[in-house]
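Here is the structure we will look at.
Order of the sequence lines sets the chain letters (A, B, ...), proteins ahead of strands, with each chain counted from 1. None of these values were measured; they are calculated from a predicted model.
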Amino acid sequence: MSEKGFEPKIVGFLCYWCSYTAADLAGISRLKYPPNIRIIRVMCSSRVDPVFIIKALLDGADGVLVAGCKPGDCHYQKGNYYARRKVALTKKILESLGLEPERVMLSWVPASEAPKFAEVVKEFTERIRKLGPNPMKERVFV
Amino acid sequence: MALGVIYTGEPEAAIKDFVKLLMKHKDIQGAVIPVKMEREGSYAFVFTKSPEVVDKSSPIAPVMPVQGARVLSKLTKRKPLTKPAVAVLKPCEVRAARELSKINQVCMESFITVSFDCPGVYPTKSFLKNADALEEEFKKGLKGLSVSGVRPLCESCTYFTGEFADFEVQFAGINEVRIIARSQRAEAILKGLGKAEEVEERDKKAIEAVLEARKKAKEALKTEFAEKVSTPEKLLSVLSSCINCHNCRSVCPICFCRECFFDSDSLKTPPHLYLERASRKGGLRFMPDTLLFHLGRMNHMSLSCVSCGTCEDACPNMVPVSRLFALVSERTRAIFDYVPGIDDRPSPFLEYREEELEEYEMPYYEARS
Amino acid sequence: MADKEFTPKVFYALCAWCGSGGSETAGAYWLKYPENVRPFRVMCTGALDSAYVLRALIEGADGVAVSGCHPGDCHYNIGNFRARRRIAVMKEILNTFGIDGDRVWLRWVAHGEGKKLADTATEFTEHIKKKGPSPLKRWDT
Amino acid sequence: MAESTVLVYGTNLAGYRAAYTLAKMGYKTVLLNRGSYVDQFKNQALAQLPLDFCWACGHMPQRLFIGLGALQVFYNAEVLSVEGEPGNFTVKVRKRDQYVNNLACTECEACIRACPIEVETENGKRKAIYVIPEIAWENIFMIDEEHCTKCKKCEEVCPTKCLAVERPTEEVELKVGAIILALEYEEPTEEDLEKFAYSHPNVVKNSDLARRSLLTNFVKNSLARPSDGKIAKKIAVIATPQYNDREFESYNTTVSAVYRAYKIKEIYPEAEVVLFMRDFRGYGKGHYRWFERALEKGVRLVRAEDVRVKASEAKKRSKDNPVVVYSEKGKENEESFELVILVTGQKAPSGMEKIAKVFGVEADEHGFCRVKPFTAGETNVDGVYAIGEFTGPKGNPEIVWEGYGAATEIRRFLGDKNFAPSPPPPLRNVSGEPVKVGVFICSCFGEFNRFLDLEALKEKVAKIPGVAHVEIIKGCCTPPTMKDTAEKIKASGVNRVVLAVCTPLQKLLKYRRTVMMAGLNPLLSEFLRLREDVIRVHEDKDKMLEKAYALIYGGVEKVKRAVAEPPPAGKIKSGVIVLGGGAAGLETARLLAERGVQVYLVEKGKELGGLARNLTKDLEGDDIKSHLESLVKAVEENERIKVFKGYELVELEGTAGRYFGMIENKEEGQSVALEAGAIVLATGAQEFKPDGLYGYGETDRVMTQSELERAIAEGKVNAKKVVMIQCVGSRNKARPYCSRVCCSHALKNAIDLAEKGAEVTILYRDLNTYGFKEDYRKIAEEKGVKFIRFDGSNYPKLVSKDPLKIEVETTEGEKLELEADLLALSVGIVPNPDNKKLSELLKFNLDPDGFFDSDANACPFEEAIKRLMKPFELSTKGIFAVGLAHSPRSYTEALLTAKDAAGKILTFITKPQLPPPNAMYVSAVRESKCTGCGMCVTVCPYYARSIDEERKIAVVTPYLCDSCGACLVACPSEAAYLRDARGEMMIPYIDALLV
């Protein structure tokens, strides 16, 4: 599966208050992380509908990262708890479709922890690189 | 005589070659064509720019789970394509697309349509149960346009040639495959490709037997099937398995609304009105408004119905929707002598004459004392 | 069916100009017609959606009469020509299923023609009385 | 300072239309009715409609504008004296108010019940106070002065005190800026119709017949013989003015005659119908069609030279059959009929002498009011106009045009505008409130209690889910009751209103006003007719209660889901593009510019004047040449008119109210962009060239009538024997219309030549000498001009070119050979060959003959009464065809079409938008449902809808919408909807109505 020169395409849904700010900070701090991630800003990780994740995977993303505030830190008090449930559900759906649930990752990245953000991205990219390209994107019928 | 190209060999191969040829034209981008899904299963339309996908395609698919006109509508409802694409369609799909183009739901300029002698298609459900064997049988019966077990509406379809497309593919009743340009645009494309030949028109007699058989089936539909729904009681028993899912409406190429009136808030009345209705009718079946939906849809759409049969295919409970529609639309269209998809006139509901239809008015020549 | 007991319920769609005018004229002259006629006002016969007629036939009306301006007299010039086409289609559909298109009547009535309107209401009620209750007035529609 | 109010004396349609137009332009009008109610003096449209149409809408403008305050009507009015000058007339009027003020009357009929006097009449018994039976569409109460004892019992019981048994005759003094005389049509009297034994019971006037069948339309029972009530089977229809010198033939006579004959055969095919008529003079193609249809149906046509009716006993009780005595082909015949229908003509206005004395106007030789040529009714007195049938027999369209024309011309005498509709009261925002429906049941001051148990009804209604309040009210159609009801609505705190009342057709504005006075948008209300739908038309009290309940239930369910949308607004551009610089175009441009409108006059050629430059004078001898010259001068000197010579329209976008056009001068390579609110099509027409017919083009002794006119003017004609052939190239398959000017043209030349001693013979099919033009036929006959009729299927033939010899077979079957020195061909008018291109550019349909007919674009049904009654202003797409672009017309008539168009344009061009509440009811688009299919655009009769190509959805131009609802039916998903009849309101309405 794993090809030489395979560059995974990763979609990252980042919550506005924590993870997106962390990504901001990472930029300001000139921290390096892989360029494979395409960031989409959402107000809260709970805004990430499972449909978004599946749509991204069906349309050619190799992995999807959902990142938000730490449990208890959510700007909206309880959004990230819902996000956690949604991601868990999505993983189960992918599993039953025969797609690796590892292609979806949920991570808590607080606003101040820019290095953690860079680390998460690096780690996830590597994980996907190992998994190889998403088999869905080559198929005409999805 | 007409302008065209002649191929030898199997019709499907000829169509694929022809589509690839068209795709080489500088003013054409891509093709919309049915392709068999990868594992055992059904067929679907693919919009592709790649000749390899065309190679894998099945232009004359034995089933029609999605009506091609819906595909064209989806592609061009909002804006035309930057350059036209080739679209390989069954005759009923061409007619539906032409009908839709009159009301701005399909941009015909965006497609070079190719259509062919159609043997009909299997009901999707029975096909899926026994795909391999049926596919084999379909291939065998293709050239003679005699495939047994196709949908009842296909059996009685009398507009089964591709003459209303830009390119008509003829193979039934003749040895070779003749592809004939049926529009000025098509002729220009052939000339542009340097492929235009003078091709002889097929003798009408070559397909006369098929036409006769179809006409007979149509008559039977009009008598035998009509008898099955000839009274309100019979009609309601035919509709008794309808679960109001409105699948028939969602797959219909002609039902172009974004939201159907019969799904809208208009029919969602307050609870006490359900009670009023129940008390005057002795009860109220749920889901309600089944008959209203079907008769209402006939009022809206029977004049434009091309009798493609997709609705019946989509029905989970075997309601003969398409035959009901065909039966009705045969009669309603006759009022205006209108054939959807073939007539260039707009829908009869958009026109009127000052003097007509007096037989539908109630005269009043004598006052009551 | 106890025929003697049967008083049909008639749904009478009237355009806002001539049809309604006709019924006002009938009122002005104190012309009597059966009580079970339910007037239903639309702006123009051309604005009478087929769904309304069907709804009435299914939900309790035994017949539907439609009256609007005479051809050429339409307040909106041509609305009644379009209405005529719609009603023709409707009747054909009903006939196909033996529901009887004759349960739907189209008759032009001008503003002044109060007698014609009252006559129509009476005549249509009698006509429907002969036909019996609407076969669509059932619980399983 | 000049006065701004206009006095209209008389109630003909032109007068009504002038009052309407003035109100729309912003001027008040006082209308003087000589009678005591609206239709007592019948005007041409109401007395003599060619076809059986209901004419109820004829009075709509009056009711509307009285309601709005633009129009004041005085009844039993007479003008005593007029003093002053244009702009400042003082008019002394004697008037007596109606016994019952119909605007304040609730029509409860308490007065009728209170009246102790019973009167026996032809139609049965009635009280001394009664409702006028002939006016079916309105309840007009009248007191029979002869029988009334003035006991005043009616006055005592009248709840609104709108009734007074004694109304004093008053004299009032009015200050007005201008005066319009619009006196009505007069039908021949019994005495005038003596020749036709009109006093015999079975001889009836067509107009009486039509009026009698108003309640039923014309049906078989209408043919009941007055003598014994038997349905007549053998019927004669006579076009009387052609055989009677005591009446003038009106525009409608022959058309009415053929229509009546046709109609009898339709409803009673076994009847034998004989039609007596000399010439058929219907000059529209639609009218000609009726002629052919009648013959197809089996009507026997007798082109008799003379007709009279004799009856052995011409008395009202006579039972014998009247006998028609007629001469045909020189032979006298007699035939007896069961029923004789007289299609009568028009008489000169009676009392003209007095009017002439009071107003200073003059009578012409026929006894009608004389007006100046080329004007819309200008009399010899400045500031006094005379319009409609008061000035002579004329067509219904011309009458309407004169109304607009006079209103336009008369504005120059008036001061500042003095009328604007009052703004609506402030409305409460109810969005967010829970729905609370209030039902207000009218008792009509307790009258309804007599028929219906209102308390029981109230109790029943209160149980309907969602009804928060039920109340019985006294009424809401008089100012105090309206105020009272509005307060009750307010106090109840409801936000949806159902008014169970009476006749919304007549009282709609009052109900809307009541709801608005309560602070609610009228879209949140529904008005039901308790009276017309329940109380008056039924008998069984229980069933009535049930029905009333069902109606209210329906109304409640309907308003529950009503939404108060704010009235939309749309802007109108202020300029006008006039295409074509012929007489009609020039006149429109002049009138508009003189009234402050910017005009762009676009002329394709190098010179202004058009086809009229070939004319010197008309049949009546009026000087066309100098009139045209002064018109050109007026246009060229007006600084509000920008003239573009050598330019053509090349592009046009937009719709009524906002057009963007591009004009181009191809020679100079120049183009100019123009913006306008309306477009005037004055592109003219051409004379038919009869190449190859009768040797035309081969010898110079064969020429057309206009070539002959020029030759006469240049003194080049010295022929001794002249033959003229009418209808050359007209009224055939290719051009199935009558050009109406050619007969006059021939007569004009024939008289000129006859005066010079030439022997002139006119070969004709039907001599269309409409109006007073018949006089000139008589003059011609006196001067020795011979008239020979031939049949349309058998035209004269040219048998020799040198000498010119013409063979003709007369309708009597006689073959004649005529020798001539000169042959003149009367050719028709053919449409401008550019019309087709122009129609595509404007997206404006041509009529089947290739002319532009604005009314046909708004209302294609040719015989439609709407063409006459309804002011098509914006529903013509804001495009107005005038002059010969519209139809073949004489110079005078072409100018009239121009004045009409100018008047129509002036009613809207200066307005930014339509005032509410009309605009509240227009159709709208649910954008989330719309797919841009364009079906609503196609079906919209007012061009009010278009597709926004960017968003692919339909959009509405609100000031063009008349809320007919065609769009919502065309749209299967009801993405198009009417604001007061949304789908989600209608289905529950139906469910509840069928309770």
Side-chain angles (χ1 to χ4, degrees), chain B residues 226 229-240 261-262 266-267 273 276-278 280-285 288-292 295-296 298-300 302-303 324 327-336 348-364 366-368, chain C residues 9 33 46 49-55 57-60 65-67 70-72 78-102 104-109 113 115-116 118-120 122-124 126-127 134-141:
Chain B
V229 291
S230 62
T231 67
E233 291 75 27
K234 289 185 192 171
L235 173 67
L236 282 166
S237 77
V238 163
L239 291 179
S240 66
F261 178 76
F262 300 102
S266 297
L267 293 190
L273 286 180
E276 294 279 8
R277 288 159 67 192
R280 62 178 173 251
K281 302 208 303 182
L284 192 62
R285 170 193 174 186
D289 306 328
T290 309
L291 186 63
L292 180 71
L295 293 183
M298 283 169 189
N299 268 294
H300 285 165
S302 67
L303 287 173
L324 284 173
L327 194 66
V328 161
S329 80
E330 194 75 28
R331 294 179 64 150
T332 54
R333 281 156 25 192
I335 306 175
F336 308 105
F349 280 154
L350 300 181
E351 292 189 318
Y352 63 90
R353 269 195 299 227
E354 289 158 11
E355 280 159 42
E356 62 171 5
L357 304 177
E358 265 178 32
E359 62 275 24
Y360 292 92
E361 297 171 6
M362 193 48 63
Y364 178 76
E366 248 167 298
R368 302 165 66 86
Chain C
K9 210 172 267 182
Y33 54 85
D49 201 317
S50 46
Y52 302 165
V53 176
L54 286 172
R55 181 71 168 192
L57 277 178
I58 295 172
E59 298 306 333
V66 181
S67 281
H70 286 260
I78 50 176
N80 46 8
F81 297 133
R82 298 196 193 285
R84 188 165 55 189
R85 286 201 158 193
R86 294 255 167 203
I87 285 174
V89 167
M90 161 91 62
K91 282 177 171 242
E92 280 306 323
I93 292 173
L94 297 180
N95 281 334
T96 310
F97 303 120
I99 299 165
D100 199 348
D102 234 16
V104 179
W105 265 21
L106 172 66
R107 182 182 272 171
W108 311 122
V109 168
E113 292 170 359
K115 172 129 178 59
K116 188 173 178 183
D119 279 1
T120 303
T122 313
E123 204 180 323
F124 187 60
E126 278 165 24
H127 168 80
S134 162
L136 301 183
K137 218 195 277 180
R138 298 160 51 123
W139 64 271
D140 58 348
T141 54

Could you check which of [options] has the highest count of heavy-atom pairs closer than 4.5 Å to chain C?
options	value
B:Gly282, B:Gly296, B:Pro348	B:Pro348
B:Glu276, B:Glu356, B:Glu355, B:Arg333	B:Glu356
B:Leu327, B:Thr290, B:Leu324, B:Leu303	B:Thr290
B:Ser230, B:Pro232, B:Gly283	B:Pro232
B:Glu330, B:Arg353, B:Glu354	B:Glu354

Answer key: most heavy-atom pairs under 4.5 Å with chain B among C:Gly101, C:Ala88, C:Gly98, C:Gly60 is C:Ala88
Heavy-atom pairs under 4.5 Å with chain B - which of C:Ile78, C:Leu136, C:Val104, C:Ile87 has more of them than the others? C:Ile78
Only counting residues at least two apart or in another chain, list the ones meeting side-chain hydrogen bond (donor to acceptor under 3.5 Å, both in side chains) with C:Lys115. C:Asp119
Who passes side-chain hydrogen bond (donor to acceptor under 3.5 Å, both in side chains) against B:Arg285, sequence neighbours left out? none
Approximate separation, where rounding is to 0.5 Å, of [X] [atom1] and [Y] [atom2]:
X	Y	atom1	atom2	answer
C:Ser50	B:Phe349	OG	CZ	6.5 Å
B:His300	C:Arg86	NE2	CZ	6.5 Å
B:Leu350	C:Arg82	CG	CZ	7.0 Å
B:Ser329	C:Ile93	OG	CD1	9.5 Å
B:Tyr364	C:Thr120	OH	OG1	6.0 Å
C:Ile99	B:Leu291	CD1	CG	6.0 Å

With no hydrogens and no angle check, is any side-chain donor or acceptor of C:Arg107 less than 3.5 Å from a backbone partner on B:Pro363? yes
Heavy-atom cut-off 4.5 Å, strictly under: side chain, backbone, both or neither for B:Leu357 against chain C?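 Contact with chain C is through both the backbone and side chain of B:Leu357.
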Examine whether an atom of B:Glu359 lies under 4.5 Å from a heavy atom of chain C, and if so say whether it belongs to the side chain, the backbone or both; otherwise answer neither.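 Neither the backbone nor the side chain of B:Glu359 comes within 4.5 Å of chain C.
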Minimal non-hydrogen separation, C:Ala51 against B:Phe261, with atom names: CB-CE2, 3.6 Å
C:Lys137 vs B:Arg280, test: side chain to side chain contact (heavy atoms under 4.5 Å, CB included). Steps then yes/no. CA-CA 8 Å; C:Lys137 218 195 277 180; B:Arg280 62 178 173 251; 5.9 Å; no
Steps toward side chain to side chain contact (heavy atoms under 4.5 Å, CB included) verdict (C:Thr141, B:Leu292): CA-CA 8 Å; C:Thr141 54; B:Leu292 180 71; over 6 Å; no
Stepwise side chain to side chain contact (heavy atoms under 4.5 Å, CB included) test for B:Leu295 and C:Leu57: CA-CA 11 Å; B:Leu295 293 183; C:Leu57 277 178; over 6 Å; no
Chi angles and distances behind the salt bridge (charged side-chain N to carboxylate O under 4.0 Å, His left out) call for B:Glu358, C:Arg84: CA-CA 9 Å; B:Glu358 265 178 32; C:Arg84 188 165 55 189; 5.9 Å; no
Relative to chain B, which segment of C:Asn95 carries a heavy atom at a distance below 4.5 Å: side chain, backbone, both, or neither?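 For C:Asn95, backbone and side chain are both near chain B.
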Please determine which of B:Met298, B:Lys234, B:Glu233 meets the side-chain contact (heavy atoms from CB on, under 4.5 Å) test together with C:Phe97.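 Answer after filtering B:Met298, B:Lys234, B:Glu233: B:Met298.
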Test applied, side-chain contact (heavy atoms from CB on, under 4.5 Å); reference residue, B:Ile335; option that passes from C:Lys91, C:Arg85, C:Glu92: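 Among C:Lys91, C:Arg85, C:Glu92, the one meeting side-chain contact (heavy atoms from CB on, under 4.5 Å) with B:Ile335 is C:Glu92.
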